[in-house]
Participant: 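Sending over a structure as structure tokens; questions will come in a sec.
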Amino acid sequence: QDTRVYTPQRPTHNNHNHINNHINNHNKMACFCKRPTTDDDDLTDDKEEALRRIPGFPDFDGRVFLRPARGRKNEAYELRTYQYAKSSMPVGFMRPRAVVYVQQSEDDADIKKAIAFARENSIALAVRSGGHHTSGFSSTNGDNLQLDMSDYHDLSYNQVENTVTFGVGWRLLDLHQAVCKATEKVIGPDSRDYAFFAHGNCSHVGVGGHVQSGGYSMLSRSIGMFIDFVESFRMIIASGESVVVRKPRPDETSAENDEMWFCVLGGSPGNFGIVTEVTARLVWDSQLPESRMYTQLYLYSPSVLRQLLDKVVQVNDHCLEDGGLAEGFNLSLAVSGASKDWGFLPVISSLDPSAFKTLDEEVKREAPAIFGTEGTPIAYAPRPPVIAVQAAWINTSGDPVAYDQSVKDFFADLDNVQDAIRVPLSRTDPENAVPVSKICEEFTWKNVREFNMPFLKRNYASLDTNLGERGFSEWMTERLADLLGECDIFNKYSKTGVTVAAQWAVLGGKHSRLTTNALTNPTALGWRNMTCNVMLDGFYNTHNVFGRPWPEPKQTLIEWQRQNQEQLVGSAESRFSTQDCRYLFEPFDHNIEMGQVNLDALHAHFYNTEEVYQRLLALKHKIDPDHIFTPNLFGVGASEKYGDDGVPHSASNAPDATQKKCRLHKNLRTLGDHKVKGEPITEDDLALEQLGLYKVDPKE
């Protein structure tokens, strides 16, 4: 029985925390409706202008924001093209012809209008549910349109099936809290039972891209990934048809259904169609009793980091053995560099804060509803670098007496760190049981970004279990010290303008559900046989608190990441992994700077086998032969539309609409390089913004 309930009615006010809740006793289902706050105090948009300027442009029910014509400005458009990666990408990289906030309806009229328009005009659609893609590939440029899915924000709980159905406009933390509220059971005077499912630890990530990228969780070793909880999803494909794809079951689902499941979940987000809603199975706190968590913050020092990395490496190098880490254990280690000019803290309050705002800080200040809500603002306060240990034991057996000495020894070993300065009140005592739904929330980063600065990111998976022999701990400690300094709490950030957010997690192993669940839920997602991962996210600020420029901070970070990439992965002598294994949610190419990534050329880094990619290409050719859902080069078969170097095979991206050959401009400055008050934007910058990602070759 199809138990989905549509709730097209909306609250009469724009309170982001409002939940309209009622119980339908007939089918035992709780229905929720939650719509995100936007800056709707100004309800103007560019819909009329788009209808006037663009032949055949659809009359969307949702709001439209149009890229301005040459020589004009449109602040509303600029704000609505802002997303997580904008300050880090080349100027003009994320400038669609229009941003359309599609309005949810029972027949998905806005989405179908966009698909028809794209087909008639040989353009593509980029789909944004949260806009958190770290390389900006949920956006586009040229004549292509960007569809924002934030209005798809309903939620319904089916008590009979123990499932929850939700739109892709939800952000992860909001969804987690709403599901807990919907499923709350009173089991005692001071006791509640809540349901949840696995999800990532970045609160503002949108559901749509997250589920199609696998949905890695801090607790993946114990309970699996987001996609392991999915029972079905609804998707609108290039024909305009709405299809429901269900989890494959012998004799119950078709071969076509099963192939779409395999390819869409972990194949290439947004590249096969527009996912509008997901139904997920739930797990309850009462099924995982007496679970424990451990957290501890230390002031950063190379000595402390080396000790903790040795512990991570020891666990990793034995995880494939019979006696390796059991599925209940989860371990993550992170370093967060200095958040501000720590050494200048006493004089900060006397300065004009607008003099040294980054683009991200400017958007946060001028349009907080678009930027996002900060759950822990104090995290951005000036502070020295810190090291964070996060660990958990999830009682997957369900036996309350399973919390034994082996679990206590695991936490005691993590707590045994010499010559360390512990941050007061930062330790969570593992002797106290914690509901797993609470652990999921506590392990979620509550803010929008790690730092409100431009970045250069690298994230790798490893399949190896000999990191100790490779000298990974020592090498990694030296690399972080090179960027952060030694033990000086004033930190090298105050000299270079460069900081870092780094993380190492043991995710796989013989007993890990990240690995074993892939046997019963096969999808295209790569590297579920990984043992651990490393995330090295570097951030840079162009100016200090006095408004003076740092000495080439971006170049400093580029060189640091270049050396990391050369030494970390790709050979038997590499420090971390013999193979160069990358993630769909944080892709990059061999060029250290952020920019286009050709998935066709680099797919071996993202999928386990060539056979997987050929299956993805086959489905792409079958259900989207015109590449309506190929808005940039990071898509299955994208070179068929754009060429290997990004040359479009359809409409020109030049603003005068004349048919000129264009090619990607490889050396654009990023917005983060010049968005500082008082520094001029050159005519070249403006021209590149008008042209989008493409630059006309004078020779052609």
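Keep in mind that this is a model prediction, so the values were computed, not measured. We number each residue from 1, following the sequence as shown.
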Participant: Would you tell me whether E327 and S512 have side-chain atoms, one donor and one acceptor, within less than 3.5 Å of each other?
Facilitator: no

Participant: Give the minimum heavy-atom separation between T396 and S222, together with the two atoms involved.
Facilitator: CG2-O, 3.6 Å

Participant: Between S336 and E450, do the side chains contain a donor N or O and an acceptor N or O under 3.5 Å apart?
Facilitator: no

Participant: Could you verify whether a donor N or O on one side chain and an acceptor N or O on the other, from Y194 and Q177, lie under 3.5 Å apart?
Facilitator: no

Participant: Looking at E374, I'd like to know if its CD atom is crowded, meaning that more than 12 non-hydrogen atoms belonging to other residues, nucleotides or ligands lie closer than 6.0 Å.
Facilitator: yes

Participant: Do any N or O atoms from the side chain of R171 and from the backbone of H204 form a donor-acceptor pair under 3.5 angstrom?
Facilitator: yes

Participant: With rounding to the nearest 0.5 Å, note down the distance linking CZ in R249 to CG in N257.
Facilitator: 10.5 Å

Participant: If you measure from NE2 on H133 to OH on Y84, what distance do you get to the nearest 0.5 Å?
Facilitator: 11.5 Å

Participant: For the pair F634 and F137, name the ring-plane relationship: parallel under 30°, tilted 30 to 60°, perpendicular over 60°.
Facilitator: parallel

Participant: Between E184 and C180, is there a donor-acceptor pair closer than 3.5 Å when you use the side chain of the first and the backbone of the second?
Facilitator: no

Participant: Counting heavy atoms not belonging to L463, are there more than 12 under 6.0 Å from its CG?
Facilitator: yes

Participant: Taking only Lys NZ, Arg NE, NH1 and NH2, and the carboxylate oxygens of Asp or Glu, determine whether R449 and D360 approach each other closer than 4.0 Å.
Facilitator: yes

Participant: side-chain contact (heavy atoms from CB on, under 4.5 Å) with Y298: which of I421, V423, V386, V417?
Facilitator: V417

Participant: Would you say Q83 and S138 are linked by a side-chain donor-acceptor pair, where the criterion is simply a distance under 3.5 Å?
Facilitator: yes

Participant: Show your reasoning for whether side-chain contact (heavy atoms from CB on, under 4.5 Å) applies to Y152 and V102.
Facilitator: CA-CA 9 Å; Y152 279 72; V102 293; 4.1 Å; yes

Participant: Quick check against the 3.5 Å criterion: does N521 have a side-chain atom that pairs as donor or acceptor with the backbone of I227?
Facilitator: yes

Participant: Answer yes or no: is there a donor N or O on one side and an acceptor on the other, between the side chain of T515 and the main chain of R528, under 3.5 Å?
Facilitator: yes

Participant: Please report the interatomic distance CG(D537) to CG(N459), rounded to the nearest 0.5 Å.
Facilitator: 6.5 Å

Participant: Does F411 have R292 sitting over its ring (NZ/CZ under 6.0 Å from centre, angle to axis within 45°)?
Facilitator: no

Participant: Hey, could you give me the CD/NE2 distance between E441 and H176, rounded to the nearest 0.5 Å?
Facilitator: 5.0 Å

Participant: May I ask you to check whether F410 and F329 place their ring centres under 6.0 Å from each other?
Facilitator: yes

Participant: Applying salt bridge (Lys or Arg N to Asp or Glu O under 4.0 Å) to R192 and D285, what does each step give before you reach the verdict?
Facilitator: CA-CA 9 Å; R192 302 290 187 272; D285 286 331; over 6 Å; no

Participant: Classify the angle between the aromatic ring planes of F197 and F229 as parallel (below 30°), tilted (30 to 60°) or perpendicular (above 60°).
Facilitator: tilted

Participant: Is the backbone of R582 close enough, under 3.5 Å, to the side chain of W527 for a donor and an acceptor to pair up by distance?
Facilitator: yes

